[in-house]
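Remember, predicted model here, so these are calculated numbers, not experimental data. Below, chain A is the first sequence line, B the second, and so on; all start at residue 1.
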Amino acid sequence: CDIRSLGYEEKRKLLATIEKAVAFVTTMIFQDGSSQLNSEQVLTSSVKGVVVLVKNQTDYPCLPGYSSTDCTWDAANEDDKLIYLKTEWSSLWEQEQQAHKKFTWQVLFQMLRCKVPIICFNAKDFLRTLLQVYGNEISWKQVADSVVLDPRIAAWLINPSDTVPSFECLIQKYFEKPFSVETVNTDTGPLRNTSYQNLGVNLEKLYNVMMDLAHDLQVQGLWKLFCTLELPLIKILAVMETHKIHVNKQELKKTSEILGLRLKELEQEAHQVAGERFLLTSSHQLREVLFEKLKLHTLCEKVHRTEIQQLVSTSEVVLNKLQDLHPLPKIILEYRQVHKMKSTYVDGLRMCMRKGFISSTWNQTGTATGRLSAKHPNIQGISKHPIRITKKQYIKGKEEEIVTISPRTLFVSKKGYTFLAADFSHIELRILADLSSEPELLKLFQEPETTDIFSSLASQWKGIPSEQVKHADREQAKRIVYSVVYGAGKERLADCLGTTPLQASQFIESFMQKYKKINEFTKKTIEQCRNKGYVVSIMGRKRPLANINAQDYKLRTQAERQAVNFVVQGSAADLCKMAMVEIFTSVVVSPNLTARLIAQLHDELLFEVEDSQIQEFS
DNA sequence: CTAGCGTCA
DNA sequence: GTATTGACGCTAG
């Protein structure tokens, strides 16, 4: 039914039906007639309304422990109701509109409140839209109370390599499995179908797919992970996406100009020392200048080559080696740094800006390891390190000035609020210590004087006092540790270490000697993966690795490294998500705390906290 | 070494 | 002219 045509009594009845419902299956529909079930619809189309299938009887009596053999979706739902809620209004009919609008959100509010599962494909988008449309009526803490189920996330838990399963794919997979359902070929070309009847059928299918997925999750031991971690996260991400982060617009414009000027200078310098004009951003043209004209690679032994075409690489490692032979490499290196800074972190950020604010889009199913990913902007990838550039100033007094540009400072907290970050320290290494029970590694963590493992290791390896360990040393130590434990080859480690491959392999040897149990752990997880075909994280997250028994050496060893890495990185992702859920719920439960989550940077949570609440919140 | 995303050719 | 791919460089561990 369309709620616009309902009388008072009918509305009351509808609310009563909702009260008794056992599940809701819902999707948003857009201006262009598409719905959330139409794979990868564009965000440009605005939301027209919401269609809800109200399930009043259940084909699956109790959700967790049902048997899936008797699913007869086509005949068993006479009591189910399909309702259409319009959320967008023309300016006509002021009076009636108000009434409709109010009733619409009454319905939606009750759906959220009554703790009955709301099944939605891409539920995060649904919740976010609700928060955006009814921002004045519904607080984010109320959305946090709802119970949502997302089949897409369920499917991803079962197969995390399949990073974007579409609705159509799920239908195919889970419908043709038990028995073929009257496959009217409407789902091969459903894209423009605005018929609600058809949508009703699709929602019914979605419901059944979710039930099948729920069953599979249980069979595979993923149900708890799904319910306690991934489902609550949907709401957290929806709330996070509705929060806007303020960006210093003027500063952004100014730094863009400064960087642009510096790029021009560097371009001129490069042309001068090269003796010809060429495009600095083109690796092809650079290769011609560097190696065909100047023949710099002949003065230097062993230079990296590109994987496919076996051309001489123009990568950072090669350019670093060529630094002393010619002034050009250094200029290119700085050009690339400044260019990256400008295009990605400054201009890229400006592109994402709406009225002085940005808000990332979070993808819960974007990785194979359970980590989150973000885009527009990728707030997890914004450079930490500032760069220094010399700015020629044409103001009298001083000729030039050194300015430092650090992209992270471009984000500013609201007035009266401050950013608060909470992060795990060395989380993957701690997990590795725990899983391998390596005594030497465990000892390092238990010693109270070790405040920073990587700094300690850096001072140990370099033979310098820990106070003198610089940031770069620590960073290098960190890269080395992770490289070695995840199975780096000697060549790659040599690049990392800045030594010869021979020394690198000796380093690997002594590392393995000192931390024997790490090697045992590695072997054990590869062995388990070979037997079962998949690996498992602390919270039971799974990653099937089809290539683990492959004939091809390259493919097989890659799968082996992925297996080891997954167990550690996936477990770290589990813990970070647990932290997110726990902190979020404690804020929701608190009557006075208002702290908002801004971003998750894998092992770090960034909040915006009211100044007066910093103590209590932290 | 493993995960990602953005930019450029 | 538009779409895809590989190389590169930044993030996180």
Side-chain angles (χ1 to χ4, degrees), chain A residues 160-161 163 279-287 304-309 311-319 332-333 335-349 351-352 360-363 365-385 387 407-408 423-432 453-454 475 478-497 504 508 511 518 522 535 543 545 557-573 575-576 599-604:
Chain A
S161 312
T163 173
L279 195 54
L280 298 221
T281 52
S282 164
S283 49
H284 182 76
Q285 290 184 32
L286 179 64
R287 190 145 38 223
H304 254 235
R305 289 183 180 265
T306 54
E307 201 59 52
I308 311 291
Q309 296 182 55
L311 299 166
V312 183
S313 170
T314 59
S315 66
E316 194 177 321
V317 272
V318 174
L319 259 39
I332 298 294
L333 249 19
Y335 185 90
R336 283 191 183 162
Q337 190 184 37
V338 177
H339 186 83
K340 167 102 189 184
M341 183 68 81
K342 181 172 174 353
S343 64
T344 307
Y345 304 126
V346 180
D347 295 345
L349 207 63
M351 296 287 288
C352 298
S360 293
T361 305
W362 294 87
N363 190 353
T365 59
T367 67
T369 54
R371 269 152 68 135
L372 296 174
S373 75
K375 62 180 183 183
H376 307 308
N378 176 10
I379 202 166
Q380 295 177 317
I382 288 169
S383 184
K384 240 186 172 179
H385 309 294
I387 62 162
R408 293 196 178 188
D423 64 274
F424 286 99
S425 78
H426 328 117
I427 184 164
E428 284 190 16
L429 210 55
R430 293 186 116 99
I431 285 167
L432 185 72
I453 292 244
F454 298 118
E475 215 56 24
K478 181 173 153 184
R479 273 207 312 278
I480 292 165
V481 169
Y482 286 121
S483 300
V484 174
V485 307
Y486 293 131
K490 54 182 190 290
E491 294 84 5
R492 182 64 169 269
L493 187 67
D495 290 339
C496 207
L497 220 48
I508 295 171
F511 190 94
I518 292 179
T522 302
V535 270
R543 180 167 187 188
L545 285 160
T557 51
Q558 185 189 31
E560 288 172 359
R561 291 189 299 268
Q562 287 172 321
V564 176
N565 179 260
F566 174 85
V567 176
V568 182
Q569 190 184 123
S571 299
L575 296 198
C576 295
Q600 188 246 41
L601 290 80
H602 301 126
D603 77 321
E604 172 183 337

Could you tell me how far apart [X] ([atom1]) and [N] ([atom2]) are, to the nearest whole angstrom?
| X | N | atom1 | atom2 | result |
| --- | --- | --- | --- | --- |
| A/E475 | C/dC10 | CD | C1' | 12 Å |
| A/Q569 | C/dT11 | CD | P | 16 Å |
| A/K342 | C/dC10 | NZ | P | 17 Å |
| A/E604 | C/dT11 | CD | P | 13 Å |
| A/H602 | C/dC10 | NE2 | C1' | 12 Å |

(request) Could you walk me through whether A/S161 and A/R543 pass the side chain to side chain donor-acceptor pair (under 3.5 Å) test, one step at a time? (result) CA-CA 8 Å; A/S161 312; A/R543 180 167 187 188; 4.6 Å; no
Answer with base, sugar-phosphate or nothing: what part of the nucleic acid does [X] contact at a heavy-atom distance below 4.0 Å?
| X | result |
| --- | --- |
| A/G570 | nothing |
| A/R430 | nothing |
| A/K375 | sugar-phosphate |
| A/S343 | sugar-phosphate |
| A/G489 | sugar-phosphate |
| A/Y345 | sugar-phosphate |
| A/I431 | nothing |
| A/A573 | nothing |
| A/Q380 | sugar-phosphate |
| A/R336 | sugar-phosphate |
| A/L279 | sugar-phosphate |
| A/R561 | sugar-phosphate |

(request) Not counting sequence neighbours, which residues clear side chain to side chain donor-acceptor pair (under 3.5 Å) with A/Y486? List them please. (result) A/E428
(message) I'd like to check the side chain to side chain donor-acceptor pair (under 3.5 Å) partners of A/D423; sequence neighbours left out, ordered by chain and number.
(response) none
(request) Examine the side chains of A/T281 and A/R336 and answer whether a donor and an acceptor come within less than 3.5 Å of each other. (result) no
(message) Looking only at the side chains, is there a donor atom on one of A/T365 and A/N363 sitting less than 3.5 Å from an acceptor on the other?
(response) yes
(message) With a strict under 4.0 Å distance from non-hydrogen atoms of chain A, what nucleotide opens and what nucleotide closes the contacted stretch of DNA chain B, reading 5' to 3'?
(response) B/dC1 to B/dA9
(message) Please determine whether a side-chain nitrogen or oxygen atom of A/H385 lies at a distance below 4.0 Å from atom OP1 or OP2 of C/dT11.
(response) yes
(request) Report the residue (A/P160 or A/T281) whose heavy-atom-nearest nucleotide on DNA chain B is the more 5′ of the two. (result) A/P160
(message) Rounded at 0.5 Å granularity, tell me how far CG in A/L601 sits from CD1 in A/I379.
(response) 6.5 Å
(request) Measure up the A/F454 and A/H426 rings against each other and bin them: parallel (under 30°), tilted (30 to 60°), perpendicular (over 60°). (result) perpendicular
(request) Assess whether side-chain contact (heavy atoms from CB on, under 4.5 Å) is satisfied between A/F424 and A/H602, documenting all intermediate values. (result) CA-CA 9 Å; A/F424 286 99; A/H602 301 126; over 6 Å; no
